[in-house]
Structures are given as structure tokens and as C-alpha cells.
Amino acid sequence: MEEGFDVGARLRQLRQERQLSQRELAKRAQVTNSTISLIEQNSVSPSVSSLKKILDALPVSITAFFAGEEPSHPRPFYKAEELTEIGDGVLSWRLVAARRPDRRMSVLHERYPPGADSGEDMLEHDGEEGGVVISGHIEITVNGEVAVLSAGDAYYFDSRLPHRFRNAGDTECMIVSANTPPSFSDGGEVLHHGQSGTEG
DNA sequence: CGAAGATAGGGTTGTCGAAA
DNA sequence: TTTCGACAACCCTATCTTCG
């Protein structure tokens, strides 16, 4: 059942690229705006007939929708709302040019609300990563070393070393970062952090 | 006010297991 | 096999909130 594919985010991306409101798209597709809203929030998984009506109205083929090969040629610029959210609902990681073919690096706009945590289980993956703190404070652990960085501070380390990001302060922390090779592609690899049921 | 997105409540449909 | 009730899922209408 295509576990990794985010139907809602994909639909929202395609709709916004075409500058259509939920209501406008709904009208063209002969469904209601609430249907579009619920699908984009992944509150329902649409029936095949509904999805087909919606994709016909965009228009986008079913295969193109799931293949994710959308832009005919990669664009150099992205509006803020076009970044692809790959966070977990608490912390926000917004990926630039998620669908760009042959992308060699990941550029992320990261936002950590107070208490947000990449997980007690350390992250480890191939590559290198670095970033600059834009605002707030972030506690970063790399291979046992802990530091709290503030606006203007930066980090750079080998991603194979176990690492963790945590906002222990009481204000949101914003970071702009890059890593290579790209660990994140939407619909494929995702971050899996320990996240021992921290709901609520 | 209108436009946009989210949401509450209900109607319809399909599936499953038990009984005839 | 068909029928019945329980249940879950999808999607509708109507309504709500937010923003300008």
C-alpha cells in the first residue's frame, strides 16, 4: 500500500503550482472543497474515482502523480510555500527542490518548537551536514559532545557520527542547513527517529 | 463583506460474520 | 447461496475560523 507516499502533500504541491484554491480545483473536478481539504491533510485516502476526477482537473496523469516526475525542467527558484515538509508534525523540516532530478544535496529550512527533539536514538547516516542557526537556541549532540548554539553559530560534522538535535529553550529555533549526499527525497527516504510515543 | 481552508454531522456504500 | 446487522470508509452539505 505504498507506505511512503504522501498523497496529501503531493496533491497540495500540484494544486499550488497551478495557483488553484481548494474550492477552484474542487469545482473543476466536480467534488467539494472539503474533499480536497481532507485529502491534502491525509485525513482520508481518496477513492480511485475521486482521485481520478481531481487529477483530470489539474490535469495530471495517475502515473505522473505517483511517479512524482513533475517539472519538465528544474526551476531555479522556489516560493516559501513550495518547500516540501518532511518533518514529523512537531519539528518542521522543509526541503528545497525535493523533486529535482539528480539532486546532489539537501537544503533544509528547519524549525524546532520548544521541546522538539530529533530523538533519543541518535541519527546516523552517510555523508556530511552543516548549518547555521538563524534564531533561537539548539542543543546539538555529536558523538557524545554537546553544545548549545545560538543565532549566528554553526555546525559541520560527519553524518556517520551519532547525532541529535534538541530545542531545550522556550523559543522556536530556526536553522538553515545542508547535507550531502541528499538523505532526503520526498516519497522515499524519511527520517526515522526513536520517537517513543511523544504525542500530546 | 468575500475568499480560503478546516471541520461537524450525516448519507451512502462496501465488507464481514452469523444465521437461514 | 441469500439475508441481516454491525461497522468502517468515503464524501457530501453546511458551518466555522481566519484573513484582508
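Throughout, protein chains are lettered first and strands after them, A, B, ... in sequence-line order, and every chain is numbered starting at 1.
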Touch class at under 4.0 angstrom, heavy-atom based, for A:E40 against every strand present: nothing
Residues A:T35 and A:T32: side-chain donor-acceptor under 3.5 angstrom: yes
Polar side-chain atom of A:N42 near backbone of A:G8 as donor-acceptor pair, under 3.5 Å: yes
Reported CE-to-CD distance for the pair A:M105 and A:E128, which is rounded to 0.5 angstrom: 12.0 Å
Residue pair A:L11 / A:I54: nearest heavy atoms and the distance that separates them: CD1-CG2, 3.7 Å
Contact boundaries on DNA chain B for chain A, cut-off under 4.0 Å to non-hydrogen atoms: B:dA4 to B:dT7
Under 4.0 Å protein heavy-atom contacts per nucleotide of nucleotides 6-13 of chain C, with B for base, S for backbone only and - for none: ----SSBB
Whether A:Y112 and A:F165 hold their rings parallel, tilted or perpendicular, with breakpoints at 30° and 60°: parallel
Any side-chain heavy-atom pair of A:H109 and A:V96 under 4.5 Å: no
Qualifying residue, where the test is side chain to side chain donor-acceptor pair (under 3.5 Å) with A:E129 and the options are A:S106, A:S177, A:S159: A:S159
Within one Ile-Leu-Val-Met-Phe-Trp-Tyr cluster: A:L20 and A:L55, side-chain cutoff 4.5 Å: yes
